[in-house]
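Some notes on the structure that comes next.
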Amino acid sequence: VALGAVPLEPEESESYTFGIVWTPTDTMSITADYYNIKIDQRLALLSNTIGPTEVALLTAAGIPNANLLLGSNANFFVNGFDSKIDGIDLAFTTSFSVGAGELVADLRHNYNKQEVSNVTPGTINASRVYDLEHQLPENSSVLTFDYSSGGFFSGLVRFNYYDDWS
């Protein structure tokens with residue numbers, strides 16, 4: 001308590017999702033999903049360098065030999081920041097008869113954005129906030145072609161696309 005530690009509050013989250021599925025033919029489906037996740041009171045490590053002020057607080061709190069801690073670090077968890085994630089997932093799947101087999105074409109796309117707010121000083125720094133908000137590309141897509149002859153031959157080709165990381 002002398003260094004500012006307080007009991008933790010539980011992280012609280014709220015999420016909303018909405019999805020639709022459309023199957024225009026027996027061999028085709030299209031889905032779209034939206035999600036919104038809000039997380040408050042996320043846990044983070046608070047780092048304190050123990051200086052003369054902290055040594056005085058520790059001594060006043062009855063910690064023996066507190067002066068031996070001068071210049072060291074004291075770390076503990078706090079409720080450090082909030083975050084909000086929005087995203088959309090799209091999927092398009094269809095199949096075709098090709099020769100004696102079946103070709104399945106599958107296209108997936110994801111849009112994802114995270115925002116960090118209410119950062120407690122001394123917890124996550126600006127670089128970590130940047131990483132959380134930019135560690136995943138906002139847009140990514142996967143196109144897969146999967147062929148099976150029904151016998152001994154099958155093959156798979158996959159193409160991936162990712163936005164630039166900034």
Side-chain angles (χ1 to χ4, degrees), residues 1-22 29-93 105-146 156-166:
V1 175
L3 297 176
V6 295
L8 295 172
E9 297 292 326
E11 291 183 341
E12 294 182 6
S13 65
E14 210 174 79
S15 66
Y16 301 97
T17 61
F18 175 80
I20 58 172
V21 177
W22 181 41
S29 69
I30 300 168
T31 65
D33 296 287
Y34 168 78
Y35 55 90
N36 175 285
I37 306 166
K38 182 180 174 189
I39 307 170
D40 293 331
Q41 305 288 339
R42 291 188 69 174
L43 298 181
L45 196 60
L46 180 70
S47 180
N48 287 312
T49 300
I50 298 181
T53 303
E54 289 77 21
V55 168
L57 290 170
L58 291 168
T59 301
I63 306 296
N65 300 316
N67 59 323
L68 295 175
L69 298 172
L70 186 64
S72 65
N73 287 326
N75 301 314
F76 48 87
F77 286 100
V78 297
N79 295 105
F81 64 100
D82 300 335
S83 64
K84 179 182 171 192
I85 302 106
D86 286 299
I88 297 172
D89 290 324
L90 302 171
F92 173 80
T93 304
D106 185 80
L107 174 63
R108 309 275 169 147
H109 181 78
N110 171 260
Y111 168 81
N112 189 17
K113 183 163 181 68
Q114 180 170 193
E115 296 176 3
V116 174
S117 61
N118 301 323
V119 176
T120 300
T123 57
I124 61 174
N125 59 24
S127 176
R128 180 66 178 135
V129 170
Y130 184 86
D131 286 346
L132 287 169
E133 293 181 340
H134 298 92
Q135 68 187 355
L136 296 174
E138 281 190 6
N139 292 284
S140 63
S141 299
V142 178
L143 175 60
T144 303
F145 297 102
D146 187 0
L156 178 115
V157 176
R158 179 167 289 148
F159 300 94
N160 295 301
Y161 167 78
Y162 301 96
D163 269 352
D164 292 336
W165 276 269
S166 51

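A search for side chain to side chain contact (heavy atoms under 4.5 Å, CB included) contacts involving F76 returns L3, A5, L46, N48, V78, not counting sequence neighbours. Residues passing the side chain to side chain donor-acceptor pair (under 3.5 Å) test with D146, sequence neighbours excluded: none. Scanning for side chain to side chain contact (heavy atoms under 4.5 Å, CB included) contacts around A56 gives an empty result, with sequence neighbours left out. In this structure R108 satisfies the side chain to side chain donor-acceptor pair (under 3.5 Å) test together with D106, sequence neighbours excluded. For the side chain to side chain donor-acceptor pair (under 3.5 Å) test, no residue two or more places apart in sequence or in another chain qualifies with T123. Every residue meeting the side chain to side chain donor-acceptor pair (under 3.5 Å) condition with N110, not counting sequence neighbours, appears here in chain and number order: Y35, D89.
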Could you list the donor-acceptor pairs under 3.5 angstrom formed between side-chain atoms of residues 136-145 and any protein atom two or more places apart in sequence or on another chain?
unit_1	atom_1	unit_2	atom_2	d
E138	OE2	K113	NZ	3.3
N139	OD1	H109	NE2	3.1
N139	ND2	D163	OD2	2.9
S141	OG	H109	ND1	2.6
T144	OG1	R158	NE	2.9

Do any side-chain atoms of residues 7-15 form donor-acceptor pairs under 3.5 angstrom with protein atoms, and if so which ones, sequence neighbours left out?
unit_1	atom_1	unit_2	atom_2	d
E11	OE2	L43	N	2.9
E14	OE1	Y16	OH	3.1

Begin with the C-alpha distance, continue with both residues' side-chain angles, and end with the deciding distance and a verdict on side-chain contact (heavy atoms from CB on, under 4.5 Å) for N79 and T120.
CA-CA 8 Å; N79 295 105; T120 300; over 6 Å; no

Given side-chain contact (heavy atoms from CB on, under 4.5 Å), test F81 with L132 step by step and report yes or no.
CA-CA 11 Å; F81 64 100; L132 287 169; 4.0 Å; yes

Could you walk me through whether Y34 and D86 pass the side-chain contact (heavy atoms from CB on, under 4.5 Å) check?
CA-CA 8 Å; Y34 168 78; D86 286 299; 2.8 Å; yes

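Listed by first and then second residue, the side-chain hydrogen bond (donor to acceptor under 3.5 Å, both in side chains) pairs that reach into residues 59-73 are T49-N73, sequence neighbours excluded. Pairs passing the salt bridge (Lys or Arg N to Asp or Glu O under 4.0 Å) check and including a residue from residues 55-83, sequence neighbours excluded, do not occur.
One finds the CG atom of N118 at 8.0 Å from the CG atom of D40 (value rounded to the nearest 0.5 Å). A distance of 8.0 Å separates CZ of R42 from CD1 of I124, quoted to the nearest 0.5 Å. With values rounded to the nearest 0.5 angstrom, L68 atom CG is found 12.0 Å from I63 atom CD1. For the atom pair CZ of F92 and CG of L90, the computed distance is 12.0 Å after rounding to the nearest 0.5 Å.
Contact between A44 and G80 at its shortest, heavy atoms only, is CB-CA, 4.0 Å. The two residues D33 and I20 make their nearest non-hydrogen contact at OD1-N, 4.5 Å.
Contact annotation: the side chain of Q135 approaches that of R128 to within less than 4.5 Å [non-hydrogen atoms, C-beta and beyond].
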